[in-house]
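Contents: one structure, followed by commentary.
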Amino acid sequence: MAYLTYFDLVESLIVSSYGGPQDAEQRDIRTAVQRAYSELTTIHEWSHYYQHGRIITQPQYQTGTVAYNSSTKQLTLTGGTWPTWAASGSVSIGRAIAKVDTRVSATVLTLDSTLTFASTLAAGQAYVLYQTDYALPADFRNMDEPSNEFNWWSGLYLKPDEAMKLERVGNRSGRPWHWTVLKNPNGSGYILKLVGYPTAQETLDFTYRRYPRQIRYSGHESMCRIADAGFVLATVQLSPDNPGLFSGSVIRAGTATAYPGDLASMNPYSFEAILGGYTIGDGSDVIYDISPSYSYAGSTSGPGLNSLITDPADVARHMEVALHSCASYWLDRTRGGKAEQSFSTYQRDLRLALEQDQLAPLSGRTREIWHDGGWRSPLKADEGA
């Protein structure tokens, strides 16, 4: 298949704005592409971005007894070994709950400076260590109701404030759990927080919408131009400044004398492939796997092919025209021109993209699905109503 790339979007704006090759360097064109890409990919829950996610819950741990030092915020275990996941856990002693900050050693945990116990606790305290916070995928945007191994559902969604209060006053173990989504306090991204802690290791599945892959390199940058790329079967040998920099990008081959253009140019690319994993070869060259494979006889006995590397636009085919139109609209808006006409064209193309956004047509199928948790979809209106 042909990939729509950052390079194609920039070249399209150069043509539509009656610019020359030097316009590839202009910030307003690149800004328009980036803004259009951000807008179009998040304006609707496109079927292209649905993913299947899974977390694996950890069983509670309560072997041995503990002591807590309020001055050092350290919880010391006697008669057991803290599991490796303890740094993502919480500890309850009686009715009080504390959050673990770090696992210092097999017997020592440092607790959160705020969510901790009120005072020093003598040795011999019974406790429960459990994990309710699970990192969601790095590209997570939003999600649907999770499902455990025994039910279509796994509790109810709670607002973060409701989840905090329910955990504080009614913390219970077992399934199903209620749940909420929070910003990851220990890094970027989000966590799925279960309310009611797991007692066994099991899977919890969910569908979510992801953010698209970022576009960074248009292929006009000097570092993305390879004057003598050697293709041998399923690999290409490059010399980027940073190994792995281009994994997931598209490489396009031109000829031994010319760099490749887009398919509408006078020198369209002869081949394109996705750059995958890499190894370090002789002379610190980076050898990437490419898919599909490709070979060029001149790569071993003569000059290689003039090639460029660019990032693919992470959109479905039916979204491509709308992305072009959205980029044109943003260029007019960025340059302070009259954007009414380009906005009208963009809205027309967006509507057509939305109308095509289905992977599994539902015509002829009933929509009454009974929920094994006691819920079912609302009744449809009577015929003629």
Side-chain angles (χ1 to χ4, degrees), residues 1-17 19-25 29-30 33 37 212-283 285-321 323-324 327:
M1 61 171 287
Y3 296 99
L4 176 66
T5 68
Y6 194 177
F7 179 86
D8 299 324
L9 293 166
V10 169
E11 292 292 305
S12 176
L13 290 187
I14 292 174
V15 172
S16 65
S17 60
Q22 71 279 1
D23 286 342
E25 305 294 333
I29 286 181
R30 293 166 177 268
V33 172
Y37 189 63
R213 183 182 187 275
Q214 185 180 40
I215 53 174
R216 182 183 300 272
Y217 300 109
S218 72
H220 298 91
E221 304 86 354
S222 59
M223 66 184 300
C224 296
R225 297 276 172 146
I226 301 93
D228 187 18
F231 293 86
V232 182
L233 297 178
T235 63
V236 60
Q237 188 165 330
L238 307 174
S239 301
D241 296 332
N242 181 8
L245 187 67
F246 297 126
S247 291
S249 296
V250 172
I251 186 167
R252 285 177 171 172
T255 66
T257 59
Y259 284 100
D262 59 23
L263 291 177
S265 72
M266 296 298 293
N267 186 44
Y269 60 88
S270 59
F271 171 79
E272 66 176 358
I274 291 289
L275 296 170
Y278 66 93
T279 56
I280 306 298
D282 296 337
D285 285 337
V286 180
I287 302 174
Y288 284 91
D289 296 328
I290 61 173
S291 178
S293 62
Y294 182 68
S295 62
Y296 173 65
S299 61
T300 57
S301 59
L305 298 175
N306 289 287
S307 303
L308 65 81
I309 295 173
T310 181
D311 283 323
D314 185 6
V315 296
R317 295 297 293 270
H318 61 271
M319 299 165 61
E320 291 181 1
V321 173
L323 180 56
H324 279 287

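Values in this document were obtained by computation on a predicted structure and should not be read as measured data. These values consider heavy atoms only, across backbone and side chains, with no hydrogens, waters or symmetry-generated copies.
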For [X] and [Y], which heavy atoms make the closest approach, and how far apart are they?
| X | Y | answer |
| --- | --- | --- |
| Tyr217 | Thr310 | O-OG1, 3.1 Å |
| Asn267 | Ala258 | ND2-CB, 3.4 Å |
| Ile215 | Val33 | CD1-CG1, 4.0 Å |
| Phe271 | Ile290 | CE2-CD1, 4.3 Å |
| Ala313 | Leu323 | CB-CD2, 4.1 Å |

Any donor-acceptor pair under 3.5 Å from [X] side chain to [Y] backbone:
| X | Y | value |
| --- | --- | --- |
| Thr5 | Pro312 | no |
| Glu221 | Gly219 | yes |
| Asp262 | Phe7 | no |
| Tyr37 | Asp314 | yes |

Rounded to the nearest 0.5 Å, what's the gap from [atom1] on [X] to [atom2] on [Y]? Could you check?
| X | Y | atom1 | atom2 | result |
| --- | --- | --- | --- | --- |
| Leu308 | Ile226 | CG | CD1 | 7.0 Å |
| Tyr6 | Arg216 | OH | CZ | 10.0 Å |
| His318 | Glu320 | NE2 | CD | 10.0 Å |
| Ile29 | His220 | CD1 | NE2 | 8.5 Å |
| Ile274 | Ser291 | CD1 | OG | 8.0 Å |

Could you list the donor-acceptor pairs under 3.5 angstrom formed between side-chain atoms of residues 243-254 and any protein atom two or more places apart in sequence or on another chain?
unit_1	atom_1	unit_2	atom_2	d
Ser247	OG	Gly276	O	3.0
Ser249	OG	Phe246	O	3.4
Ser249	OG	Asp311	OD1	2.6
Arg252	NE	Glu272	OE1	3.0
Arg252	NH1	Asp8	OD1	2.9
Arg252	NH2	Tyr3	O	3.0
Arg252	NH2	Asp8	OD2	2.9
Arg252	NH2	Glu272	OE1	3.3

So, do Glu11 and Ser265 sit near enough that their side-chain heavy atoms are less than 4.5 Å apart?
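No, too far: nothing below the 4.5 Å cut-off.
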Using side-chain heavy atoms (C-beta onward) and a distance below 4.5 Å, is Met319 in contact with Leu4?
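No, their side chains stay 4.5 Å or more apart.
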